[in-house]
A.B. asks: 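Submitted below is the structure of interest, expressed as structure tokens.
Remember, predicted model here, so these are calculated numbers, not experimental data. Residue numbers start from 1 in every chain, and the chains themselves are labelled A, B, ... in the order their sequence lines are given, proteins ahead of strands.
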Amino acid sequence: MNQPPFPRLLVANRGEIAVRVIRACRELGIESVAVYSEPDRLAPHVLQADLSVPIGPARATESYLDGGKLIAAARQTNAEAIHPGYGFLAENPDFARAVGEAGLVFIGPPPEAIAAMGDKTRARTLMQDAGVPVVPGSDAVTGGQDAAAAARDIGFPLMLKAAAGGGGKGMRIVRALDELEPALNRARSEAEQAFGDPRVYLERFLERPRHIEIQVLADGFGTVVHLGERECSIQRRHQKLIEESPSPVVDEALRERMGRVAIEAARAVGYQGAGTVEFLFVDGEFYFLEMNTRIQVEHPVTELVTGVDLVQEQIRVAAGSPLGWEPDPGWPLGHAIECRIGGEDPFNGFLPSAGRITELEAPAGPGVRWDSGISAGYEVGLHYDPLLAKLVVHGADRLQAINRMRRSLEELHVAGIITTQSFHLAVMEEPDFLAGRLSIEYVDDHPDLLRDADLPLLEAAAIAAVLLEEERRDTPRPESARTDGRPRVRQLSGWQRAGVTDGAGWGRRS
Amino acid sequence: MNQPPFPRLLVANRGEIAVRVIRACRELGIESVAVYSEPDRLAPHVLQADLSVPIGPARATESYLDGGKLIAAARQTNAEAIHPGYGFLAENPDFARAVGEAGLVFIGPPPEAIAAMGDKTRARTLMQDAGVPVVPGSDAVTGGQDAAAAARDIGFPLMLKAAAGGGGKGMRIVRALDELEPALNRARSEAEQAFGDPRVYLERFLERPRHIEIQVLADGFGTVVHLGERECSIQRRHQKLIEESPSPVVDEALRERMGRVAIEAARAVGYQGAGTVEFLFVDGEFYFLEMNTRIQVEHPVTELVTGVDLVQEQIRVAAGSPLGWEPDPGWPLGHAIECRIGGEDPFNGFLPSAGRITELEAPAGPGVRWDSGISAGYEVGLHYDPLLAKLVVHGADRLQAINRMRRSLEELHVAGIITTQSFHLAVMEEPDFLAGRLSIEYVDDHPDLLRDADLPLLEAAAIAAVLLEEERRDTPRPESARTDGRPRVRQLSGWQRAGVTDGAGWGRRS
Amino acid sequence: MKYYVTGAGETLLVETTETGVRIADRELDAHIDTVAGSTRRHLRIGERGIPLAARRADDGWVMEIGGRVVGLAIEDERTHAIRELAPGLGAGAPREVRAPMAGLVLRLEVSEGQHVDSGTALIVIEAMKMENELRAQGPGTVASIAAKEGTTVNPGDLLLTFATEEG
Amino acid sequence: MKYYVTGAGETLLVETTETGVRIADRELDAHIDTVAGSTRRHLRIGERGIPLAARRADDGWVMEIGGRVVGLAIEDERTHAIRELAPGLGAGAPREVRAPMAGLVLRLEVSEGQHVDSGTALIVIEAMKMENELRAQGPGTVASIAAKEGTTVNPGDLLLTFATEEG
């Protein structure tokens, strides 16, 4: 084995991304240090790490979000570097700075680059100056008149967005001038609540755009490369559900054009490490949306079509190594698709499903990658993100990848909790998806994806239930006698498990 | 989905290769039919198939080797084609012919090609005529004088080999003339016993050659392509244990040369489908060994470095499709390694280990492929081949692949039976393997690979045992009281589980 | 024996026979096996194999089949007949609304005695940092409320009872 | 409490303390957890985690650690002392040779009363279509033979007993 980039590295995260980073460390000969909150004492990322340190109670603000505890844990175990994963403190410039001030290496870009991209209006200005196309829009507006003037320039419909943040908070569509002032007031108040910063700006509203993003990688010697695009249009409430690479609408020329722009965007903020430049794409034009200054959930699809281990490269570059290789003109190799397997019930408004995983059989075989943070016996709690695992496939072309994903989803067996498996299966058979006709409205445009089991499936289930029922009745039951004649299940089922038997009744509040 | 090559296909096999073929069928939209012997009623290949048919008792001659039953099962289920996998009837020309005569498609080469390659002396002659280099040797010899004359031409040491078969049966090394006649008599008698054919021929004995083979693929329109090489030198008693692609000693020029020869070999017998031309390689020269006229166990390493699904292509070609693509000049892409996970105890002379698999956690994550025929709860019997699963990894280069294999082997957890996992782990750290210094004597040349656990590991195990023992003694034990003071485990362990505690005591007879 | 199986809004009549089952006038050769040490089952209908996982619920089965989870209630013929002969037995009787997950009761949106329509929000539970709203499945009157704002609940805990109306 | 742990030809002395264990003059902060519903354990020595799987055998533990399987016999201090004070207790006593797998007894290579050297073939069992030969671990005399040619045996079945000699 070559000299490892660091002797020891602390992973400041949990779940599948912590397992992913620990695997990269093992392959690089780096000792990994896991951190864990109380309920995570025996979580998969702890079992796989070389060392582990407890950092507090379940509540993330007192454990995974407490930068002081993470840095103390790194010092206690003599770790030289901290990998933040995604989420938690991954895009917090103060944490990145504190890590550096503690004499440790932060596996990510310089704090200034995180800060520059974190402020959405500042990032817009920087990008415009760097020649990166942005959605036509305004700077932060101060009041109704200011906003009305900007709105006339931009035209309707338009979008109000919080300057300080993302994720849908403080966002409002405005379709006419008379809607503007009330929408502005609401958006400012939401932004103040969510980010402690009421600043709002205006952008042209794009109808049914695609979400297409470019992966970039930069070393400390001025080399910045791109590794092609990912299409992530299939989202629900701004959360990506399915990603693929290449995009069905990106050809070599467009990839080159978007890649060049993404590299310019990264250079404009002095970027280092792995990052993603997100664009909205509509009518052949692409517009800068934001840059994520960290490894992303969906990085495996890029790894499969390039053969590059992005997490290993991220660590190597942070250790001061030059990239030392060139993107291959043959990329992308084949086609990759990722489905995010969440602990959520897709027929029940994506209601979170917690509990002990009693059985787990992961899909396997040709072209299948399973990145998970769960195992049989693991208790899925309600404290953290419901992402349990990522099922990723690689095929020679998009059709083979889709067929492989369907086959893999059919193989997956998780008992004890409900997952999004069935939603993904429905998408893999849906004609617009098969044809590559996607937009960020895809899920809302296809309500049938969330319909119930069809009759042949139901007939098979009914036959199985009757055969099992006869078997059960033939077997002595010592524990509980049968109850009276009232069919309790039927009565309760409409209420207890709404959606499974009687149509969806639960939903998350938007 | 495109039109499937066949509506329905019967898989005349069991275990991991049956699962592999069924997965290919699912991805091609073909309905799969599994066959099963009595103990395999709930085996993984049966659970994954669309249909299944019982074909008799455990004994293979009355089930998986009974061609009549297999053809009857295909007719009963209206399957149009039969995939034989490897082993069992895969290289039986009579079965291939009977399948065709029953109006079904045999997924494999024409019976004549199987027969031509199955007769080793005939194959030698055919290959020589086609300009394929063979190990200098003789035709079948009829008696001692005949043999002595041939031996003088070839020189010592030399090898006696059965004309009718392979797998080490009827093979004898002869180092001097006076050893020739007794060795000839023994080899003839072994060959007669094993193959019902006493014919034996002579070949020059090569010292420490490598085993390197070329994958070929041929359609019904005269197109034959090669997909590069696999190095399979790590063997034990002619059974491959670890395979990789590319070979550490094959460069582009040699690959091209060996590939051209392999294509000629295939053309010489009118080959169609997927096949493998095996060579011995020593001192920069390669010699034809044999051609396997079927899909091979180690095909996944080629799939990973080419992106071609060999089983799907095999089925497509058998259905009459042209190959329709060219080998890519960029092949091989990265580096792939396969470890065969057998139900055998490597510290105990590879003694077979049967029983119920009570827990199974397969490795996963980036670059890991797991092809298996087992699952948790599955009972491993002693009726069939001990190959349980194949762990295959893909890395950007050989070093990354090795590190990934070690990481994956550390993740694998199988409870209930002993597997070859620990042997593979030892190889992944052995300096000759790391340096790519391989030969078919590798296992015999490295007896330390089979040594016992070292002290740090033993200390950790002892600490764990003591902590668990205290926990156990603190817990009431209703079932059995402690026995007298004699340390029974210690006394028995040397005998019951020889090798684990007192050095190896069991071995398979050669 | 005849069984009435209800799930996903459908009720199917399934009769067991010597060799399998009869369903919708079709005679099927059907058998089911259990994979040792798991909830996995293998249903065979003729030569066709259908993998599924099954676990027993109060008076029925929860099935995982084709990547979907389906809850099925089963009544045998006698039970079904008794219920059919006693019309209105279920109507107007209190229906229980139970917590489908663990979480914090954020808000009660209704009060006892209140009449609600289908779709009316009843209660909001916070879990996984999201607010999850339980809505009425049909019209009815809230009979009693067991849940308290600010308390945590476990799956299956009674939240409120609800008297539904016919229709 | 002190324990003598024997495995892979080594005997280690391990003492449990308030906070962990003492081994080879080192005090270690050691704890072990069981992963729910499995044989998997997580041994922590200080911050270091060592995953392993453990199941109880007759009078010890079988450990899967670092991809290896190790059988460990455990004696506590008292048991160990009693055995040490009674020298020769084990010597010359009959030792049992048991079947390590299921299979068919193909051949007995020795007879009762026969003296054998280390490495002498004792019995051949066919399993997985391979012949597997059991050889003597040390010199001794075959005391009795329980296995019969042509019969099948299960793992743990007594095959023969064997009186070993010192040395």
A.B. asks: Hey, mind stepping through A:Glu303 and A:Arg20 against salt bridge (Lys or Arg N to Asp or Glu O under 4.0 Å) and telling me if it holds?
C.D. replies: CA-CA 13 Å; A:Glu303 294 186 324; A:Arg20 169 71 186 90; 2.8 Å; yes
A.B. asks: How about A:His413 and A:Glu361: does a side-chain donor come under 3.5 Å of a side-chain acceptor?
C.D. replies: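 The criterion, which ignores hydrogens and geometry beyond distance, is not satisfied for A:Glu361 and A:His413.
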A.B. asks: Measure across D:Glu112 and D:Ile145 and return the closest heavy-atom pair with its distance rounded to 0.1 Å.
C.D. replies: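 Minimum heavy-atom separation between D:Glu112 and D:Ile145: OE2-N, 3.0 Å.
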A.B. asks: Checking A:Val33 against chain D: side chain, backbone, both or neither under 4.5 Å from a heavy atom?
C.D. replies: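 Interface part for A:Val33: neither.
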A.B. asks: Between D:Gly49, D:Gly46, D:Pro51, who has the most heavy-atom pairs with chain A when the cutoff is under 4.5 Å?
C.D. replies: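 Heavy-atom pairs under 4.5 Å are most numerous for D:Gly49.
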A.B. asks: Is A:Leu360 close to A:Ile374 at the side-chain level, that is, under 4.5 Å between some pair of heavy atoms?
C.D. replies: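 A side-chain contact exists here, since the closest heavy-atom pair is under 4.5 Å.
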A.B. asks: What option among A:Glu31, A:Arg41, A:Gln48, A:Gln76 has the most heavy-atom pairs under 4.5 Å with chain D?
C.D. replies: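 Of the candidates given, the most pairs with chain D belong to A:Arg41.
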